[in-house]
Amino acid sequence: MNRHVANMEKGFLMSQAKMEDIISLCKRRGFIYQGSDVYGGLSGTWDYGPLGVQLKRNIMNLWWRMFVDERDDIYGVDAAILMNPKVWKASGHVDTFVDPLCEDTVNHRRYRTDHILKDNGIDADGLTMEQMDELIAEKGIKSPDGNPLSKSRTFNMMFKTSVGATESEDSVAYLRPETAQGIFTNFKNVVDSFYPDLPFGIAQQGKAFRNEIAPRDFVFRSREFEQMEIEYFVNPEKWQEAFDELLKSTHEFLEALGLDPKNIHELDVPPEDRAHYSKKTIDIEYDFPIGKEELMGIAYRTDFDLMNIQRVSGKSMEYTIKGTNEKFVPHVIEPSFGVERALMAVLSSAYREDEQNGSKRVYLALPEHLAPVKFAVSPLLKNKPELVEKAREIYANLSKKNPGRVMWDDNGNIGKRYRRQDEIGTPHCVVIDFQTLEDDTVTVRERDTTEQRRVKVEEL
Ligand code: GAP
């Protein structure tokens, strides 16, 4: 084996190990559990525990603050998940929201054809289904169980359900596969209520559902996940400047997530790989432990969606420039973020191992504004009522200033408490000891450096 291959394999094994370590930490410490775990799980679904939900909300709230609250050109909405099925006909999802699926001809397990190729070292980006099938035949690629694979067919990824008490063709509805359509269908409502100047955007956060053929890589590819999307409506002549500005704002957001710019890459997606609605797409890829993969994307969706809505609904989607007779259907730039992928990037960038006092330590170097717990408060000894009373008082005051972000921790000895808090990424551990009773100072122990300082209680 040459050195390059050996190093690649070592890198691959190390990153696999890191992924497994992160998954195990998430489960052990109450971040993320397998969905319906107690019944053996449901593939592609994940449940967030107390720390996971806080971390996820911190990421989503940061996004909302940076893209909605701190800007005066972006409006928030929260549309229903169930939508009139015409939405998905008009948007093209009923006909084209498909993945290529092939089947093990012996045990009938199903796979995504491009994933089968990827797992065999072939990048299938840009290939047609027929070209993928040809490659499988040519290279004699078998299923993971060693059996021949069928020819591919398309598989629509939308979950179907039925609305109302009778199930018929007319009652079919879909769980939304993207939050974007809930924005487009509210374009006219927002214009009528607010009449914002162009360019302006509408933002939404919420669940999206895709019946992925092969959910994998932890929360990276799930069947139920969350998106944070903006549809930014522009004069068609000015799409490029809006695109550039939103790309810049995206990088600012990724920086605020604490992600190292050297692990962030822009991919100008070639035409054959873009979604059916896009005239230009930049994917932001991140060096995840599973490899360089898509974190989010920005697409120039032109007037594709508003024109479809206008055609199918018969209602005008034109915007009139204020004080003129100039009317047109705006074009759209769409930054689309997946919450789970942002969360996975944050966790993998924060995961650290080092050695303290001769033993291995695992800690999450989360930025303070994202850490689920900002302060852990402990009495040095839990059997000393005077220490517990003082610690409770400090805990109550800190909790008032940082609602939901302060944890009471009096389990085990101080060393064990520090290790536990390090593992969940708590930046500051506050310890109340006998000196506190004398001079109102506490020990603050910092997660990353493990340094301990004496701090006045009022300065916390
Ligand atoms: N409205 C455009 C849209 O939905 P997309 O590239 O299909 O575009 C946008 O999805 C983002 O949603 C992705 O970049 C990714 O972050 C996230 N995403 C998509 N499918 C996902 C899945 N199965 N599991 C987790 N996140 C997913």
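Both counts, for ligands and for their atoms, begin at 1 and track the order of listing.
Heavy atoms of Trp46 found under 4.0 angstrom from ligand 1: none, in either backbone or side chain. Within the 4.0 Å heavy-atom criterion, the part of Arg301 lying near ligand 1 is the side chain and not the backbone. Residue Arg223 does not touch ligand 1, judged by heavy-atom distances below 4.0 Å. Within the 4.0 Å heavy-atom criterion, the part of Glu294 lying near ligand 1 is the side chain and not the backbone.
Taking any N or O of Gly338, backbone or side chain, at least one lies under 3.5 Å from an N or O belonging to ligand 1. Considering backbone and side-chain N/O of Val219, none are found under 3.5 Å from N/O of ligand 1.
When only non-hydrogen protein atoms are considered, atom 9 (C) of ligand 1 lies nearest to Ser336 OG, 3.0 Å. Taking atom 24 (N) of ligand 1 as the reference point, the nearest protein heavy-atom neighbour is Ser222 N, 3.0 Å. Looking only at heavy atoms of the protein, atom 16 (O) of ligand 1 is closest to Leu295 O, 2.9 Å. Atom 18 (N) of ligand 1 has Phe225 CE1, 3.5 Å as its closest protein atom, hydrogens excluded (heavy atom only). In this structure, atom 10 (O) of ligand 1 lies nearest to the protein heavy atom Gln227 NE2, 3.4 Å.
Atom CD of Glu266 is surrounded by more than 12 heavy atoms from other residues, nucleotides or ligands within 6.0 Å. Within a 6.0 Å sphere centred on NZ of Lys327, heavy atoms belonging to other residues, nucleotides or ligands number 12 at most. Under a cut-off of 6.0 angstrom, the local environment of NZ in Lys401 is crowded, with over 12 non-hydrogen atoms contributed by other residues, nucleotides or ligands. Residue Glu353 places its CD atom among more than 12 non-hydrogen atoms of other residues, nucleotides or ligands, all under 6.0 Å distant.
Contact analysis leaves Glu340 out of contact with ligand 1, as no non-hydrogen atom separation drops below 4.0 angstrom. Within the structure, ligand 1 lacks Asp283 among the residues with a heavy atom less than 4.0 angstrom away.
Set against the non-hydrogen atoms of Tyr277, the atoms of ligand 1 under 4.0 Å away are 2 (C), 3 (C), 8 (O). Taking a cut-off of under 4.0 Å to the non-hydrogen atoms of Glu334, the atoms of ligand 1 that pass are 1 (N), 2 (C). In the vicinity of Phe220, heavy-atom distances shorter than 4.0 Å reach the ligand 1 atoms 22 (C), 24 (N), 25 (C), 26 (N).
Electrostatic pairing of Lys118 and Glu293 counts as a salt bridge here, judged by a charged N lying under 4.0 Å from a carboxylate O. Between Glu229 and Arg176 there is no salt bridge, since none of the side-chain N atoms of the basic residue sits less than 4.0 Å from a carboxylate O of the acidic one. At a threshold of 4.0 Å, the pair Asp287-Lys262 does not count as salt-bridged, since none of the basic side-chain nitrogens sits closer than that to a carboxylate oxygen.
Here the two rings, on Phe97 and Tyr174, have centers that are 6.0 Å apart or farther. For an aromatic pair to be called close, the ring centres must be under 6.0 Å apart, and Phe194 with Phe200 fails this. For an aromatic pair to be called close, the ring centres must be under 6.0 Å apart, and Tyr286 with Phe288 satisfies this.
Paired with Glu212 under the rule salt bridge (Lys or Arg N to Asp or Glu O under 4.0 Å), one option of Arg223, Arg112, Arg110 passes, and it is Arg112.
Atom 5 (P) of ligand 1 has its nearest heavy-atom neighbour, among Glu229, Met296, Glu178, Arg210, in Arg210.
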